[in-house]
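Report on one structure; see the data block that follows.
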Amino acid sequence: MKKKYICRVNLLLIVLIGTSSIFSKRLKVVTTSKDLASIASEIGKNLIEITSLAGGGDDLHFLHARPDYILKTSRANVVLLIGADLEVGWLPLVLKNSRNAKVQLGQSGYCDVSRGITLLEKQSGLINRQMGDVHAQGNPHYWIDPLNGIRMAKFISNCFSSVDKSNASIYKRNFNSFRSKVIKLTKKLLRTMKPHFGKKVIVYHREFSYFVKRFRLNLAMHIEDKPGASPSPGRVREVIEFIRKNKIKVILTTPWNNIGVVSRIARESGTRFLVLPMQTGAAPGTSTYLKMIEKCIQLIDKKLQ
Amino acid sequence: MKQLRILFYLIFLFTMTGVALFAEESDEFDQEINSALEDKKENDSKRQEIQRSNTLIDRASIPNILVAADMVGQWDATKNDSDIQALSRDTANMREVEFGFNGAVDQWGLGSVLFAVHNENGKFFVELHEAYFEFNQLPWNLFFKVGKYFIDAGRLNSIHRHDWRFTQAPRVHKEFFDFEAVDDFGGELSILMPWNFYQEIKLGVFSGKKFGHAHDDGITKAQPLFTARIKNFIPIVGNLGSHFGFSYLRYNIDQNPNNYWQTGGTDVTFKWQSGKHMSFEWTSEFWYRNEKFDVGLDTNKYGYYSFVEFQPWQMWFFGVRFDEFVLADNFDPRKGKLVDKIDYGQTIWITLKPSEFSYFRLSGERQDYYGKKDNYLILLQADFILGHHPAHRY
């Protein structure tokens with residue numbers, strides 16, 4: 001009898017522990033990227049419980065619609081996404097199978113943060129897939145401009161306020177505090193980069209457009225001639241020639257690009273390359289969004305000296 | 001004294017210049033930052049207008065359209081009559097073209113319709129592959145799907161052939177689920193369990209009039225086809241995850257309610273990826289079927305396939321698959337006794353994938369089937385996709 005009782009209590013405890021996160025009263029926020037998670041945590045602080053689906057080193061274009069993403073999304077009050085088709089290859093399936101009405105397209109829990117951003121490289125006229133992996137709505141790699149970080153934070157703050165009206169004033173206050181921090185950091189970083197304004201750089205993928213614009217670098221060429229497509233041997237030769245002719249000092253890339261190709265181009269053209277951890281958590285010292293931006297600037301400043 | 005005064009003036013001048021320069025710089029960046037953030041405000045109304053129009057497009061009655069073309073060339077190196085192929089030997093032709101439409105039906109659910117044009121020994125047949133309605137916003141983590149579609153049994157059956165990692169179905173799949181997949185009219189209700197790990201339990205009921213590819217409606221049986229499936233997922237480390245499931249099906253073979261089979265299976269997948277440049281997948285399925293007949297002749301069949309595919313570079317994939325199928329205790333007239341008839345198969349392939357919308361595949365297949373000479377096949381496959389291809393499930 002006693003054994004049976006203990007068994008029942010144990011079983012109840014296991015069920016309670018196993019399902020404990022379901023009963024938390026904090027706003028459950030799921031983000032597709034670590035950058036969104038970092039900014040959202042600045043806005044929501046202890047009022048939210050945040051989970052990022054992607055890791056810091058993941059290429060957000062190419063993730064699997066993992067069942068654990070479905071599980072996390074099924075319990076969310078809010079889903080924050082980068083948008084502009086960046087997650088189109090996996091997120092729609094995750095959302096559909098989450099069975100969560102609150103986070104479906106058009107609901108207040110579905111927050112496409114790109115809608116708060118003025119996107120660069122919006123396509124006009126006819127486009128097709130022969131042009132590569134073109135994002136018709138514009139370049140989705142906007143988070144790397146710290147001022148876009150402010151815009152993202154504002155959008156997230158509005159999003160949280162519409163879902164959790166009772167704490168709207170706190171979200172607004174946290175946004176203002178984050179805004180001041182970002183402005184202060186941006187000024188500092190612009191001062192650091194001032195000696196490098198106008199310097200020519202080459203990049204692998206079109207994910208540096210916002211970064212080079214903000215920090216006034218001169219984007220001379222992309223290694224990918226068509227976005228998303230692996231550069232052909234002919235293209236590689238063309239890039240090498242271009243670097244030699246224009247005396248380009250550095251090639252910028254990210255950890256999820258083809259480092260082998262970049263390293264070969266750098267070696268054969270006699271230049272250097274720099275792997276920038278352009279997502280929160282992509283490298284040591286990038287545990288928050290602001291630390292990541294600062295780290296990128298430190299690295300590039302050192303390389304361009 | 002005069003020298004000291006000059007030094008004082010110089011220090012003063014230097015300090016003031018520095019302050020002036022710094023102030024100018026600060027002002028410059030202040031102005032830049034303020035104007036960048038102001039610019040955003042000005043653009044707000046314009047952007048909202050664009051957003052509204054995007055929303056209108058999202059809500060409009062325009063479904064996503066998909067066309068998937070699958071062409072296969074085959075060369076039979078041995079010309080043994082060991083397997084009934086949908087394609088005639090030493091030929092190249094379109095194997096199948098699928099036309100699909102999907103989108104949101106209304107506030108309740110999503111719809112999908114998929115037609116296929118099949119090549120069957122040189123003749124093309126148009127048939128409805130799938131047409132179903134999905135309700136994905138039900139309470140209590142429920143999901144309901146109704147219509148005609150590929151039954152969720154194991155891994156391969158519900159994946160469309162153009163999305164398979166290999167060109168031809170494994171031996172056990174051909175035996176249990178036909179050359180492509182088994183579809184039927186019915187419904188499945190699934191629930192996502194409230195644990196802290198992913199577990200989905202699904203129960204299905206289908207017409208059960210036929211099982212496998214046919215050009216007629218089959219016959220009405222005493223009982224429908226019953227299905228059950230449990231799917232689990234365990235993240236291992238980083239982007240490595242393990243998906244495993246168990247499936248069960250019960251089907252009446254004919255109108256006699258005592259003639260039926262039961263099939264059980266288990267499947268396991270390990271997947272890892274590093275962006276688009278490198279990936280790995282290992283998938284295995286094991287199936288067992290027991291057929292019962294009123295006259296007392298039970299049949300037992302079982303088999304498995306297991307494949308590994310590795311992507312070392314962005315566009316290149318290399319794979320190998322092993323198949324085995326056993327027809328247990330079956331009478332062999334040559335030996336005059338009951339034996340386990342065992343078929344083996346091995347396949348290797350290389351896939352060149354320029355993008356997620358096309359690929360070219362070269363495969364070599366060895367079929368070592370019981371009582372028959374070994375067969376060696378060389379297969380060439382080229383597939384492309386137009387329009388909107390939905391995200392692949394894990």
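Quantities reported herein were computed from a predicted structural model and do not represent experimental measurements. Reckoned from all heavy atoms, side chains included, excluding hydrogens, waters and symmetry mates. Residue numbers start from 1 in every chain, and the chains themselves are labelled A, B, ... in the order their sequence lines are given, proteins ahead of strands.
No more than 12 heavy-atom neighbours from other residues, nucleotides or ligands sit within 6.0 angstrom of CH2 on B/W282. Other residues, nucleotides and ligands place more than 12 heavy atoms under 6.0 Å from the CZ atom of A/R216.
Heavy-atom proximity under 4.5 angstrom to chain A picks out B/E356, B/F357 from residues 351-361 of chain B.
The pair B/D30-A/K187 counts as a salt bridge, with a side-chain nitrogen and a carboxylate oxygen less than 4.0 angstrom apart. A salt bridge links B/K276 with A/E224; the closest basic N to acidic carboxylate O contact falls under 4.0 Å.
Highest contact tally toward chain A, considering only B/S274, B/P390, B/G387, is held by B/G387 [criterion: heavy-atom pairs under 4.5 Å].
The minimum heavy-atom distance between B/A36 and A/R151, with the atom names listed, is O-NH2, 2.6 Å. Between B/Q273 and A/H64 the shortest heavy-atom distance is OE1-N, 3.1 Å. Taking both residues in full, the closest heavy atoms of B/G275 and A/D59 are given as CA-CB, 4.0 Å, listed atom of the first, atom of the second, then distance. Closest non-hydrogen pair, B/Q314 versus A/S230, comes out as OE1-CB, 3.4 Å. Counting all heavy atoms, side chain and backbone alike, B/F197 lies closest to A/L71 at C-CD2, 3.5 Å. In this structure, B/N141 and A/S98 approach most closely via the heavy-atom pair OD1-O, 4.3 Å.
Of the two parts of A/R214, the backbone and the side chain both hold a non-hydrogen atom closer than 4.5 Å to a non-hydrogen atom of chain B. For A/D68, the parts sitting under 4.5 Å from any heavy atom of chain B are the backbone and the side chain alike. Heavy-atom distances place the side chain of B/H277, and not its backbone, under 4.5 Å from chain A. Contacts between B/P235 and chain A at a heavy-atom distance below 4.5 Å involve backbone atoms as well as side-chain atoms. Only the backbone of B/L138 comes within contact range of chain A, judged by heavy atoms closer than 4.5 Å. For chain A, the nearby parts of B/N239 are the backbone and the side chain; heavy atoms of each come within less than 4.5 Å. In this structure, chain A has heavy atoms under 4.5 Å from both the backbone and the side chain of B/S190. Of the two parts of A/I150, only the side chain, counted from C-beta on, holds a non-hydrogen atom closer than 4.5 Å to a non-hydrogen atom of chain B. Contact annotation for B/M278: neither backbone nor side-chain heavy atoms come within less than 4.5 Å of a heavy atom of chain A. Residue B/I234: no heavy atom, backbone or side chain, is found under 4.5 Å from chain A.
Applying the ring pair (Phe, Tyr, Trp, His ring centres under 6.0 Å) test to residues at least two apart or on different chains, none of the pairs has a partner in residues 103-124 of chain A.
Remark: A/W256 engages no residue in a ring-ring contact (aromatic ring centres under 6.0 Å, His included) (not counting sequence neighbours).
Atom CZ of residue B/F233 and atom OH of residue A/Y69 lie 8.0 Å apart, to the nearest 0.5 angstrom. Atom-to-atom distance recorded for B/I33:CD1 and A/K184:NZ is 13.0 Å, nearest 0.5 angstrom. Atom CD1 of A/I70 is separated from atom CD of B/E200 by 7.5 Å, given to the nearest 0.5 angstrom.
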| query | Could you walk me through whether B/L386 and A/R129 pass the side chain to side chain contact (heavy atoms under 4.5 Å, CB included) check? | reply | CA-CA 9 Å; B/L386 301 177; A/R129 286 188 193 145; 5.6 Å; no
| Derivation and outcome, side chain to side chain contact (heavy atoms under 4.5 Å, CB included), residues B/W140 and A/R99 | CA-CA 9 Å; B/W140 309 303; A/R99 304 126 201 262; over 6 Å; no
| task | Determine, stepwise, if the pair A/R75 / B/N196 fulfils side chain to side chain donor-acceptor pair (under 3.5 Å). | result | CA-CA 11 Å; A/R75 292 167 188 179; B/N196 277 347; 3.1 Å; yes
Identify each donor-acceptor pair in which a side-chain atom of residues 88-97 of chain A lies under 3.5 Å from a protein atom, sequence neighbours left out, and give them as a table.
residue: A/W90; atom: NE1; partner: A/L60; partner atom: O; Å: 2.9
residue: A/K96; atom: NZ; partner: B/E134; partner atom: OE1; Å: 3.0
residue: A/K96; atom: NZ; partner: B/E134; partner atom: OE2; Å: 3.3
residue: A/N97; atom: ND2; partner: A/L93; partner atom: O; Å: 3.2

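Side-chain contact between B/F29 and A/K194: present, with at least one pair of heavy atoms (C-beta onward) separated by less than 4.5 Å.
B/K231 contributes no side-chain N or O that, together with a main-chain N or O of A/P67, makes up a donor-acceptor pair within less than 3.5 Å.
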